[in-house]
There are 2 protein chains.
Amino acid sequence: MNSDQPKAIDVIHVLMRSSTYIRTEFQAQLAALNTPYHLTGPRLRLLSTVAEAGKIRMNELAVKLGIKARTVTDFVDALEQDKLLIRLPDPTDRRATLIELTELAQSTIEQALAYQDKIADSVLENLSAEQRKHFFDLLIQITNNKTISDFCEESAR
Amino acid sequence: MNSDQPKAIDVIHVLMRSSTYIRTEFQAQLAALNTPYHLTGPRLRLLSTVAEAGKIRMNELAVKLGIKARTVTDFVDALEQDKLLIRLPDPTDRRATLIELTELAQSTIEQALAYQDKIADSVLENLSAEQRKHFFDLLIQITNNKTISDFCEESAR
DNA sequence: TATTGTTATACTCTATAACTATA
DNA sequence: TATAGTTATAGAGTATAACAATA
């Protein structure tokens, strides 16, 4: 068929390289915002998840983000130090901790998220609307049936 | 047409998540090989680049891999310690260092690369040949005109 | 006995800055 | 003055294991 069928490993190399590029790009662009706190893609993703939920338990956060509870602890530590969120005891379960955005975060997160959207758009600017949709679908398809606990939950949000 | 046009940031989240999944998958699968040395995707990529070249300078390696010289130093340190490659002085330039695979690496790298190809195939198993090609093209397109400078060395000037 | 989150620890990939030794 | 590679340092994202408090 396609004599120019790329090898799987080559596809993956390009994918990994793109992800490194994107991570770097987000870090650089977000740093350029010169906010008094430090923002990155993953941090913003956590913040926006909290924003959506209002209050949310750390373990729920871990599930939604597809990362481990221990990793959430680190993010929350850092973001709490930057005064972007606070820990609250869960009144219904004394083992649990609820996370809530601070006023500081609430008053600036919209802005940051809007800016993040711009960065995202510029990263994908080479794709037409149709291509973007197609790309998205292919990404989803790749991780179907295999990502089990990590991916299944949240991909369609 | 597509009223469900995904937001760029969502596409990127899925992409980043995929890359994490893939990195983890490669690490786990390669670790399961139980080789006396430690292999990961990026290490294997460096090794196969050396294999292809026979002998290659560290700075060339950095360019080919799209990473910084300092990063190459770390990889080479680790792989040299694992007896997979050796440093040789470049006879034509006493500042430069040539990298060459050891016999150990040469005798096993084919195997490791073949195994890596299998992992890669399994990671992309959900895509048809045509979809894979399309996915590859889209990835390339995303990074067109923008990554070349970013990937190589524009930032450090 | 199971779950929530933390302390302690680790590791991969990547980077900048300053420096040495050459060129 | 410019290049090759290293020492020193850093940081972002992620993880496992053992444990405390609570359920």
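Computed from heavy atoms alone, side chains included, the values below leave out hydrogens, waters and symmetry copies. Note on naming: letters A, B, ... go to the chains in the order of the sequence lines (proteins, then strands), and numbering restarts at 1 for each one.
Between the P atom of C:dC11 and the CG atom of B:L39 lies a distance of 16 Å, rounded to the nearest Å. As a whole-Å value, the separation of A:R17 CZ from C:dC13 C1' is 14 Å. Residue B:R43 contributes atom CZ, which lies 8 Å from atom C1' of C:dT12 at whole-angstrom precision. Rounded to whole Å, atom C1' of C:dC11 lies 8 Å from atom CD of B:Q27. C:dA15 atom C1' lies 15 Å from atom CD of A:E25, rounded to whole Å. Distance, A:D90 CG to D:dT22 C1': 12 Å, rounded to whole Å. Look at CZ on B:R23: it is 12 Å from P on C:dT12, rounded to the nearest Å. Distance B:Q81 CD to D:dT6 P: 14 Å, rounded to the nearest Å.
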Nucleotide-resolved protein contact map, nucleotides 1-6 of chain C, B/S/- at heavy-atom distance under 4.0 Å: -BBSSB
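Side chain of A:E25 to backbone of A:I119: no donor-acceptor contact under 3.5 angstrom is found.
Using a cutoff of 4.0 Å between basic side-chain nitrogens and carboxylate oxygens, B:D10 and A:R132 are not scored as salt-bridged.
A:F26 is listed as a side-chain neighbour of B:I12, based on a closest heavy-atom distance under 4.5 Å.
Where A:D74 and A:R94 meet DNA chain D, the nucleotide closest to each residue was compared, and A:D74 sits on the side nearer the 5' end.
For D:dA15, neither phosphate oxygen OP1 nor OP2 lies less than 4.0 angstrom from any side-chain nitrogen or oxygen of B:T24. Within the 4.0 Å cut-off from OP1 or OP2 of C:dT12, at least one side-chain nitrogen or oxygen of B:H38 is found. A close approach under 4.0 Å does occur between a side-chain nitrogen or oxygen of B:T40 and OP1 or OP2 of C:dC13.
Residue-level contact check: B:T71 touches the bases, meaning some heavy atom is under 4.0 Å from a base atom.
Sequence neighbours left out, the pairs with a member in residues 33-43 of chain A that pass side-chain hydrogen bond (donor to acceptor under 3.5 Å, both in side chains) are A:Y37-A:T108.
Nearest heavy-atom pair across A:K83 and A:L104 is O-CD2, 3.5 Å.
Between the CD1 atom of B:I9 and the CG atom of A:D121 there is a distance of 9.0 Å, given to the nearest 0.5 Å.
Heavy-atom contacts from other residues, nucleotides or ligands closer than 6.0 Å to CD of A:Q106 number more than 12.
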